[in-house]
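Reading through the structure tokens given below for one structure.
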Amino acid sequence: MISETNAPIIVRLEHVSKKFTLRKDNSLKERLLIARAGAKHKVEFSALDNVNLDIKAGSTIGLVGHNGSGKSTLLKVIGGILDPSSGKVSRRGRLAALLELGAGFHPDLSGRDNVFLNAALLGLSRAETEHVFDDIVNFAEIGDFIDTQVKFYSSGMYVRLAFAVAVHTDPDILLVDEVLAVGDEVFQRRCMDKIHEFQADGRTIILVSHSAAQVQELCDRVIVMHRGKPIYDGNPEDGIRLLRAGYERDRLDAMQADDRVALGPHIRSIRVVSDDPLEDITVSRELPLSVAFEYFLPAEESTPPVLGLGFDTHMGQTLRGSSTKDFSLKVPKTAGTHKVVFALNQNPFSLGKYSLRGVLEREDGTLLDHLTPASYFVVVPAPGESEEEEVTIDLQLLSSEPL
Amino acid sequence: MNRDERFAHIAKLNFNTLDLEKKNSRLKLLPAIHEIYQHRSMLGLLIRRDLKSRYKDSALGFAWTLIRPITQLAIYAIVIGKFLGAERGIPLFAIYIFTGLTLYTLFQEILTAGTSSILANASLVKKIYVPRELFPLASAGTALFNFCVQLAVLLVASALFGNLMVTTDLIYAVPAVLVVVTYGLAFAFLLSATNVFLRDIGYLVEILAMILMWASPILYSWTMVRDTLHAAGLDWLVTLYTWNPITLAVLGFQRAFYHNSLHGLETPEHLGAQIAIVLFTGLILLWLCHRVFRKVQGNFAQEL
């Protein structure tokens, strides 16, 4: 759908940067006391760094990235809620921002008053609101409670009403920040249906989400943000793979910084070896699997250490494990960092996500270090293989009788 | 509207552009006024929200809007007027102070509620884009509503004391109210924006409002000030005192509803001209303060 050429540009960002100045003091006294040291108390932080972006009408765009990558800032800049520090933001059409459900709700006012107020905040006139009022109440399943003060609403009713108002405001652009997971399953399904309806209407949806599944279901374009810059802009599948790889890298970085690993014998990393440039995490199903095990010994050991390797499903269910002891494999025992690569005779895994864990032991069984989970990998279908597992279910007629 | 119609519609629209390279693109007055005008229905809703939620769940409800000023009136009339003897030289002292207080309360409410308006609506400012001017403006609207109620009380009280009459001086009421609204809004814009970055402003404003009340001829008469200062040889201070826009507005309002000349109270000679001058100055100040507001409002969301 990205290639749709007749769609007009609806949002355009040119050289947009946003710098935050982080200050710790906020009262007059504090400012006066440290007025001279003021410069030292300021920390500049670049939330958006020279972002250029064209968004075509009718597309559904997922903004993904780690916490602090600038995706929410980008959404707020697009929505005009935050001004950038430099650059140019152009936008046209009616915009509704769903950054927090019920942001404009006043607890002391009735549901009805709040509907009108919230709709006005989202850009609807009174007559337009009256026109869709019944639809809003029906969609939210509020019924007779509409004339009750919203402070007496259950949290479910509150968000349902807020969502119902937002989706009935006829926006050309809808900005969504992590708010699609509200209500029970039935209501969530209806929210999704409403979003699909929006897409069919040619409305533009820009959503920030941490849920890869949601992004994959809804978006036709994904932008991966990293340190204030879009590092990927394209189809959702690759974008999400890149994002996952990024999470993986961050996790490993954090782990290396962990002071646990600075001393003594320890496992540096355990990862699946793959040709995939995307941080070793996807492995094709039909290829044999190899695992690289890196460990560090501060001094030479008297006997070769024992390396244990285990696999868990993503849900933490233990699958299988084995160690160098089981196969009488000798690995280096000298001081320093070693990398050992194990080959598994075949890839025994079905499609899905797995984690690796490992232990480093002396031959006598003394535990030196363990790493759980050490890394993740995803088994993907071999080229040409279908996404679905081929399972044939044979039906046989056992009996049939009139009742 | 189907997909293609929507695309055609969007293709025809002009871009609403914010260009940080062109420094003044956001500061121009006319687009700002146009934007506020487009959101006028929301302004009405915000005012109604403030009014409705204020006395929600109270048995007397809106009656409280009346009870407060009437109590105030009684206290000032009895304690300050009778016990402290301030009513000497000021006939119908209760009506006199209530006239001044009615107008001053308008100023005070616009100022204090306006200053805290952005902080009070933080959840909206952070999550939804509406012209941020709406929040101080809504505070002013609420204050104006309360002012109308108080004015009605004043008129009823005047009628009871036989002081209700229509004179040509009534015309002074209009510029007097305009001066108060103009200055109140100007400071509300400036201070509500500043208050986001420096929370002390909110407390400072309450003190300022108190000082300003005692610096205007509300609980005493302008002639008392003039005579006292003149006797002390401080005529320049009289000029300074009189040129206080709030003093001029209060004097104009008193002329309209209290009828100073009938009760032997003087007002400055060229009151009308002076009010016109401070009104004009006030409008320039309002424009400047609004510019400051516009300039910093883009950073509200991150500071709150």
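Naming: A, B, ... by sequence-line order, numbering from 1 per chain. Since the model is a prediction, treat every value here as computed from it, not as a measurement.
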_Cationic N near anionic O, under 4.0 Å, Arg6(B) to Asp172(A)_ = yes
_Under 4.5 Å from any heavy atom of chain A - which part of Asn121(B)_ = neither
*asked:* Consider side-chain contact (heavy atoms from CB on, under 4.5 Å). Of Leu63(A), Val11(A), Leu75(A), which one does Leu175(A) pass it with?
replied: Leu75(A)
*Among Asp108(A), Ile9(A), Val89(A), which residue forms the greatest number of heavy-atom pairs with chain B at distances under 4.5 Å?*
Val89(A)
_4.5 Å side-chain heavy-atom contact, Val130(B) and Met42(B)_ = yes
*Between Ser41(B), Ser53(B), Ala8(B), Gly44(B), which residue shows the highest count of heavy-atom pairs closer than 4.5 Å to chain A?*
Ser53(B)
*Measure distances from Leu46(B) to the heavy atoms of chain A and classify the residue's part below 4.5 Å as side chain, backbone, both or neither.*
both
*asked:* Working note: Glu35(B) + Arg294(B), criterion salt bridge (charged side-chain N to carboxylate O under 4.0 Å, His left out); need CA distance, chi angles, decisive distance, verdict.
replied: CA-CA 12 Å; Glu35(B) 204 183 7; Arg294(B) 275 258 150 184; 2.8 Å; yes
_Using heavy-atom distances under 4.5 Å, tell me whether Arg49(B) contacts chain A through its side chain, its backbone, both, or neither._
both
*Pairwise salt bridge (Lys or Arg N to Asp or Glu O under 4.0 Å) hits with a residue in residues 113-126 of chain A, at least two apart*: Asp113(A)-Lys52(B), Arg126(A)-Glu130(A)
_So for Ala96(A), is it side chain, backbone, both, or neither that comes closer than 4.5 Å to the heavy atoms of chain B?_
neither
*Checking side-chain contact (heavy atoms from CB on, under 4.5 Å) against Ser192(B), which of Phe135(B), Phe293(B), Phe300(B), Phe187(B) comes through?*
Phe293(B)
*Please flag which part of Ser85(A) lies under 4.5 Å from any non-hydrogen atom of chain B: side chain, backbone, both or neither.*
backbone
*Residue selection (most heavy-atom pairs with chain A, distance under 4.5 Å) from Ile10(B), Leu204(B), Leu45(B)*: Ile10(B)
_Suppose we screen for salt bridge (Lys or Arg N to Asp or Glu O under 4.0 Å). Which residues come up paired with Lys194(A), at least two apart in sequence or across chains?_
Glu197(A)
*Counting only heavy atoms closer than 4.5 Å, note whether Arg94(A) contacts chain B via side chain, backbone, both or neither.*
neither
*Against chain B, label Glu14(A) side chain, backbone, both or neither, depending on which of its atoms sit under 4.5 Å from a heavy atom there.*
neither
*Between Leu82(A), Leu124(A), Thr204(A), Leu95(A), which has the largest tally of heavy atom pairs under 4.5 Å with chain B?*
Leu82(A)
_Modelled atom types, side-chain donor and acceptor of Thr105(B) and Gln108(B), under 3.5 Å_ = no
